[in-house]
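These notes concern the structure reproduced below.
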Amino acid sequence: MSRPYTLKRRAERQDETRQRIIKAAIQLHQTIGPTATTISQIAERAGVGRVTVYRHFPDELTLARACSGQYFEHNPAPDPESWRAITDAEERLRRALRETYAYHRATRQMISHVLADARDHPVMAPYHQHWRQAVDVLLEPWPLPGRQRKTLRAAIALALSFDTWRVLSQERGLTDAQAAELMLRLARPCDPDDENRS
């Protein structure tokens, strides 16, 4: 057997092991949450020893980044850039809410655990940045002055939030379409005279 073939096969086995470890960690994060997940549990589920896990992932952050990267690659969030094709502000927001709530529903098992355990963990920074960008895209078509714009930005951020969707859908029993229409009404800019009176 040639040395290049042997090295290639070894690299393939190492990659397979790495993928098993990532898959095991993702499954555990999704079912019991990152905080409750131990290296021993990951190793057992992946069918490897603890030392093997540490050989591939020397610290918690390295493993967390590998897991989050793979999870979000396989479960991509809605693309805010696609919403720019809709020029009407309300229709853009409606489309965004429907796509966002469908995404929240599809990823609810993982995201509920991760936000509960690791909302402010560095590995979640790209997730939060994605939704900040989404707010910017949705705010663009509304021609509003400073204070109203600030209020609308907050309303849109609230409407897109996983926590908002969870309360409306999982706790209050609204369908995603009903939740989207409710948040569209609540996020719609108010009459300037109403805001000045408040």
Side-chain angles (χ1 to χ4, degrees), residues 1-82 96-135 157-158 160-173 176 179:
M1 187 179 295
S2 69
R3 181 172 173 77
Y5 176 84
T6 302
L7 292 175
K8 180 182 177 185
R9 186 67 192 112
R10 178 197 269 175
E12 288 172 350
R13 283 197 304 270
Q14 287 179 340
D15 188 57
E16 289 167 4
T17 300
R18 178 183 170 84
Q19 290 304 313
R20 284 207 317 274
I21 292 168
I22 293 172
K23 182 178 178 182
I26 288 173
Q27 289 170 344
L28 288 163
H29 291 172
Q30 194 164 252
T31 53
I32 64 175
T35 300
T37 298
T38 66
I39 295 298
S40 295
Q41 290 170 317
I42 294 170
E44 181 179 354
R45 183 167 289 217
V48 300
R50 284 170 50 91
V51 172
T52 301
V53 175
Y54 284 118
R55 188 179 303 128
H56 285 274
F57 302 101
D59 54 57
E60 179 264 344
L61 184 57
T62 305
L63 178 57
R65 283 186 173 141
C67 291
S68 66
Q70 189 165 112
Y71 182 82
F72 289 119
E73 181 182 336
H74 293 156
N75 299 276
D79 179 13
E81 291 303 315
S82 70
L97 289 173
R98 288 185 175 173
E99 289 184 6
T100 296
Y101 290 174
Y103 177 75
H104 289 336
R105 181 172 295 281
T107 60
R108 67 189 179 280
Q109 193 173 5
M110 175 64 88
I111 300 302
S112 61
H113 282 298
V114 171
L115 290 180
D117 289 356
R119 183 181 297 268
D120 298 320
H121 192 286
V123 79
M124 290 299 289
Y127 176 86
H128 298 308
Q129 176 56 35
H130 175 86
W131 296 111
R132 283 193 293 271
Q133 179 194 354
V135 172
L158 179 67
L160 292 178
S161 168
F162 175 85
D163 296 315
T164 297
W165 171 82
R166 181 186 55 77
V167 169
L168 296 176
S169 174
Q170 306 297 283
E171 294 183 13
R172 298 301 170 190
D176 290 349

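Just so it is clear, the values below take in all heavy atoms, side chains as well, and ignore hydrogens, waters and symmetry mates. Start at 1 with the first residue, then count along the sequence.
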Checklist entry - If you measure from CD on Glu60 to OH on Tyr54, what distance do you get to the nearest 0.5 Å? => result 10.5 Å
Item to check | Atom CZ of Arg105 with >12 non-hydrogen neighbours under 6.0 angstrom | outcome: yes
Checklist entry - About how many Å separate CZ of Arg119 and CG of Asp163, when rounded to the nearest 0.5 Å? => result 4.5 Å
Enumerate donor-acceptor pairs with a distance under 3.5 Å from any side-chain N or O in residues 17-25 to protein atoms, sequence neighbours excluded.
{"unit_1": "Thr17", "atom_1": "OG1", "unit_2": "Arg13", "atom_2": "O", "d": "3.0"}
{"unit_1": "Gln19", "atom_1": "OE1", "unit_2": "Gln70", "atom_2": "NE2", "d": "2.7"}
{"unit_1": "Arg20", "atom_1": "NE", "unit_2": "Ala46", "atom_2": "O", "d": "2.9"}

Item to check | Minimal non-hydrogen separation, His128 against Leu115, with atom names | outcome: CE1-CD2, 4.1 Å
Checklist entry - How far does CZ of Arg108 sit from CD of Gln30, to the nearest 0.5 angstrom? => result 10.0 Å
Next on the checklist: I need the Tyr127 OH to Ile111 CD1 distance, nearest 0.5 Å.
Outcome noted: 4.5 Å
Next on the checklist: As an exercise, state the distance from OG1 of Thr52 to CD1 of Ile39, rounded to the nearest 0.5 Å.
Outcome noted: 12.0 Å
Item to check | CA sep, side-chain torsions, deciding dist, call: Leu61, His121, side-chain contact (heavy atoms from CB on, under 4.5 Å) | outcome: CA-CA 9 Å; Leu61 184 57; His121 192 286; 3.4 Å; yes
Checklist entry - Between the side chain of Ser169 and the main-chain N/O of Arg166, is any donor-acceptor distance below 3.5 Å? => result no
Item to check | CZ/Arg132: more than 12 non-hydrogen atoms of other groups inside 6.0 Å | outcome: yes
Next on the checklist: Which heavy atom of Gln27 sits nearest to which heavy atom of Arg45, and what is that distance?
Outcome noted: OE1-CD, 3.2 Å
Checklist outcome for this item: Scanning both residues in full, the closest heavy-atom pair of Thr164 with Leu158 reads OG1-O, 2.5 Å
Checklist entry - Any idea which heavy atoms bring Pro34 and His29 closest together, and the distance? => result CA-CD2, 3.6 Å
Checklist entry - Quick one: side chain to side chain contact (heavy atoms under 4.5 Å, CB included) partners of Arg98, sequence neighbours excluded? => result Arg94, Ala180, Glu181
Checklist entry - CD of Gln170: more than 12 outside heavy atoms within 6.0 angstrom? => result yes
Checklist entry - Going by the angle between their ring planes, with limits at 30° and 60°, are Trp165 and Phe162 parallel, tilted or perpendicular? => result tilted
Checklist entry - Is it true that atom CG of Asp59 has more than 12 heavy atoms of other residues, nucleotides or ligands lying nearer than 6.0 Å? => result yes
Checklist outcome for this item: In short, Ala36 meets Gln41 closest at the heavy-atom pair O-OE1, 3.1 Å
Checklist entry - Which heavy atom in Leu160 sits nearest to a heavy atom in His104, and how many Å separate them? => result O-NE2, 2.8 Å
Checklist entry - Hey, what do you get for CE (Met124) to OG (Ser68), rounding to the nearest 0.5 Å? => result 8.0 Å
Next on the checklist: Could you tell me if the side chain of Thr37 sits less than 4.5 Å from the side chain of Asp117, heavy atoms only?
Outcome noted: no
Checklist entry - Is a side-chain donor or acceptor of His113 paired with a backbone partner of Thr31 at a separation under 3.5 angstrom? => result yes
